[in-house]
Each structure stands twice: as C-alpha cells, then as structure tokens.
Novice: 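Pasting a structure below so you can have a look.
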Amino acid sequence: MTMQTAGVLKSSPVIRRHEKNPILTAKDVPYESTLVYNAGVAKYHGKYVMVFRNDVWSDEPRKFKYINLGLALSDDGVRWTVQSKPIIDRTFCNDDEVERIYDPRLTVVDGRVVMCFAVDTKHGLRGGIARTDDFEKFEILSLTVPDNRNMVVFPEKIGGVYHRLERPFPVYSRGGKDRFDMWYSDSPDLRYWGNSHLVMGVERFPYANDKIGSGAPPVKTPKGWLTVIHTVDKDESRGKNGWEPAWKKRYCAGIALLDICEPWKVIGYSREPLLAPEASYEVSGGLRNNVIFPGGMILEDSGEVKIYYGSADTVECLASADVGDLIGLCTPA
Ligand code: BMA
C-alpha cells in the first residue's frame, strides 16, 4: 500500500522568521560543537534562558561523537551568550544505562525551572523531568518507562495537579510503523504521573502521515492553552537530503488550542502548517534538511509569541506571530 504524501507545504502568512536567523549556531559556542539545535527556552529572573542540544561530530568523514547540553542567556531573546561549559552530559542521571540526553524543554513552574528531556538508554528511550534553580544543581524528579519523549510541562497547576503533554511510541499496537500521537498525563508532584488521555491522533493532520509530538510548553491565553507541535510526513521517494544516505521525513510546526481546565480536550488546531521548511537554513546545508523542531514558546506582554525551533538538526532559529493570529489558526476540532 502506498502512503498518501503531503505534497508541497507552505508556512502560514501570520508567522515571521527573524531576520537574524539562525540565532544560535556552533560558531557561538566556546567549546567543542558541531550542531546546535532543539533548544528549550524560558524567561527566568528577568533573562531569557536557553538550554540547547550540542552534537559533536568529527570532520570528514563525518561521524557522530557525543552530545551535551549547553546554556545560553539573553536580554532580548534574540542575541545570546553561551556560558563557558556545557551543563549536562550523559552522566546527568548517574546511570550507566544512559547513552545520551537531548531535546530539552523548559517551563517555569512555581518560580523554579522544570526541564523535560529525552534519554536514550541501552533498554529504550525515556522521558525525563528535572528541576533546577540555577542550572548547576538539578533534581531528577521522574523518568518514564520506554518509549516516550517530547514531554512538556504546563506552567501552572490546574485543579491542584501538574500537567504534561507527551509522545509515546506505540510501535507494536500501531501496525509496526510510525503512527505516533500526542498524549496527556497529570501528577500531584511532578514525580508520579497518571490519568493519561489521548490528546490528538496523527491522522487529524492533513500535513502529517507519520507522527506528531509536542513542541514547546503551552502558554496560557484567555481562549485556552496555546501549544506548538511538530508534525512529520514521510515520502519514500525522497533520497539524500543532508549528511545521511537518505532522509525521507519532513518536520513542520503546527498550532493547537487546548481546554484550560481539561487540557487533553482540543478546542481547535491548524489544518495547514504554521511553519513548513522553506528558508535556506531549513532546506539545505544541514545534517537533516527539512526539519523544523519547535521547543520554546514565549508569550510577551505585547501579544507577540516567540517560537524557537531547531532547523535542519543543525542550528537554532526564531519566528514570531501575534497571539490572536495564532489562536485564529486553531479552527474548531
Ligand atoms: C526526532 C528527534 C529530534 C530530531 C528529529 C529530526 O525523532 O530525534 O531530536 O530533531 O527527529 O531528526
């Protein structure tokens, strides 16, 4: 059976890429660095803080060496200063099972930073949650069973509990191929999670035929929780498009609005991409071209929403839109 492909995709007219894109690259990092992308971003103690993924590869022949996470600070959310050393590496969980830690997402909850992260272990891929006040000392609060990742925590308790979106990988029960959806769980203490619900299935999105996953932690608006997600379409006819022999996927960003009190209920979502790969730094010259992977979203007092995204698994970028325009894209579920 041939899979229906998504064809040509364009970004929504409501979103503007920042003229300084890419806003962070390996050149900005004062230690070994090849690829800087998939960052989590938050506003904390009057600064913008970013924890970014730093992949280190050898030069020709290009070969993956290791990953760590770096910290960058900014006064305006556009120009960033990377701190002198990486803050997290594979020893973070103090567990020999762990091979790498990546794709951080940051939420300020109860005045403290909560970081979700993906953990590749020798026995599956886990979703982690840690808490910090200073990006030096972290308390690891929970790690899921495999396979789960793309976890994001909401910035406040609702009905006395914490909330997260997450993306398990149910291969066995979804036909043995990628058909992965967005889920929800809640917790009394950020450690023990339950009350799980399906939020959105991949089949809802006309521009995804493979999987969807949460992007950045949701922001609160009078109309509901606004949340950016990533959507993936696959086309077997695609060949080499990056450093690997073949790259058949395309990652876009979509936008959705969730119920304030019961966030597993979808109020609306975009039937077309919010961001599709189009800019030069999104479609060429990267490890995996045609990848837009949002991980940070900030609602400014002015109504501007900043969306931070990894581009081509190679650099970090910024795009912004008006909050009312983003809500307007979320047509009823
Ligand atoms: C996903 C994750 C991301 C990555 C994306 C595109 O499965 O591994 O870290 O950006 O693929 O390669």
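Atom set for the values below is all heavy atoms of this structure, side chains included, hydrogens, waters and symmetry mates excluded. Start at 1 and go down the list; that is how both ligands and their atoms are numbered.
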Novice: Apart from Trp183 itself, what residues make up its hydrophobic cluster when side-chain heavy atoms of I, L, V, M, F, W and Y under 4.5 Å apart count as a link, directly or indirectly?
Specialist: Leu198
Novice: Closest heavy-atom contact between Cys93 and Phe117?
Specialist: SG-CE1, 4.3 Å
Novice: Can you list every pair that meets salt bridge (charged side-chain N to carboxylate O under 4.0 Å, His left out) and has a residue in residues 320-333, with sequence neighbours left out?
Specialist: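 Checked against salt bridge (charged side-chain N to carboxylate O under 4.0 Å, His left out) - neighbours excluded - no pair reaches residues 320-333.
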Novice: Can you produce the list of protein nitrogen or oxygen atoms under 3.5 Å from a nitrogen or oxygen of ligand 1, alongside each distance?
Specialist:
residue: ligand 1; atom: 7 (O); partner: Arg149; partner atom: NH2; Å: 2.6
residue: ligand 1; atom: 7 (O); partner: Tyr251; partner atom: OH; Å: 3.2
residue: ligand 1; atom: 9 (O); partner: Asn38; partner atom: ND2; Å: 3.2
residue: ligand 1; atom: 9 (O); partner: Arg53; partner atom: NH1; Å: 2.8
residue: ligand 1; atom: 9 (O); partner: Asp103; partner atom: OD1; Å: 3.3
residue: ligand 1; atom: 9 (O); partner: Asp103; partner atom: OD2; Å: 2.6
residue: ligand 1; atom: 10 (O); partner: Asn38; partner atom: ND2; Å: 2.9
residue: ligand 1; atom: 10 (O); partner: Asp313; partner atom: OD1; Å: 2.7
residue: ligand 1; atom: 11 (O); partner: Tyr251; partner atom: OH; Å: 2.9
residue: ligand 1; atom: 12 (O); partner: Arg288; partner atom: NH1; Å: 2.7
residue: ligand 1; atom: 12 (O); partner: Asp313; partner atom: OD2; Å: 2.6

Novice: I'd like to know if Ile267 and Ile255 are part of one continuous hydrophobic network [Ile/Leu/Val/Met/Phe/Trp/Tyr, side-chain heavy atoms within less than 4.5 Å].
Specialist: yes
Novice: Could you work out, with side-chain hydrogen bond (donor to acceptor under 3.5 Å, both in side chains) as the rule, every residue matching Thr81, not counting sequence neighbours?
Specialist: none
Novice: Going by atom types only, do Glu316 and Tyr309 share a side-chain donor-acceptor pair under 3.5 Å?
Specialist: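 Tyr309 and Glu316 do not have a side-chain donor-acceptor pair below 3.5 Å.
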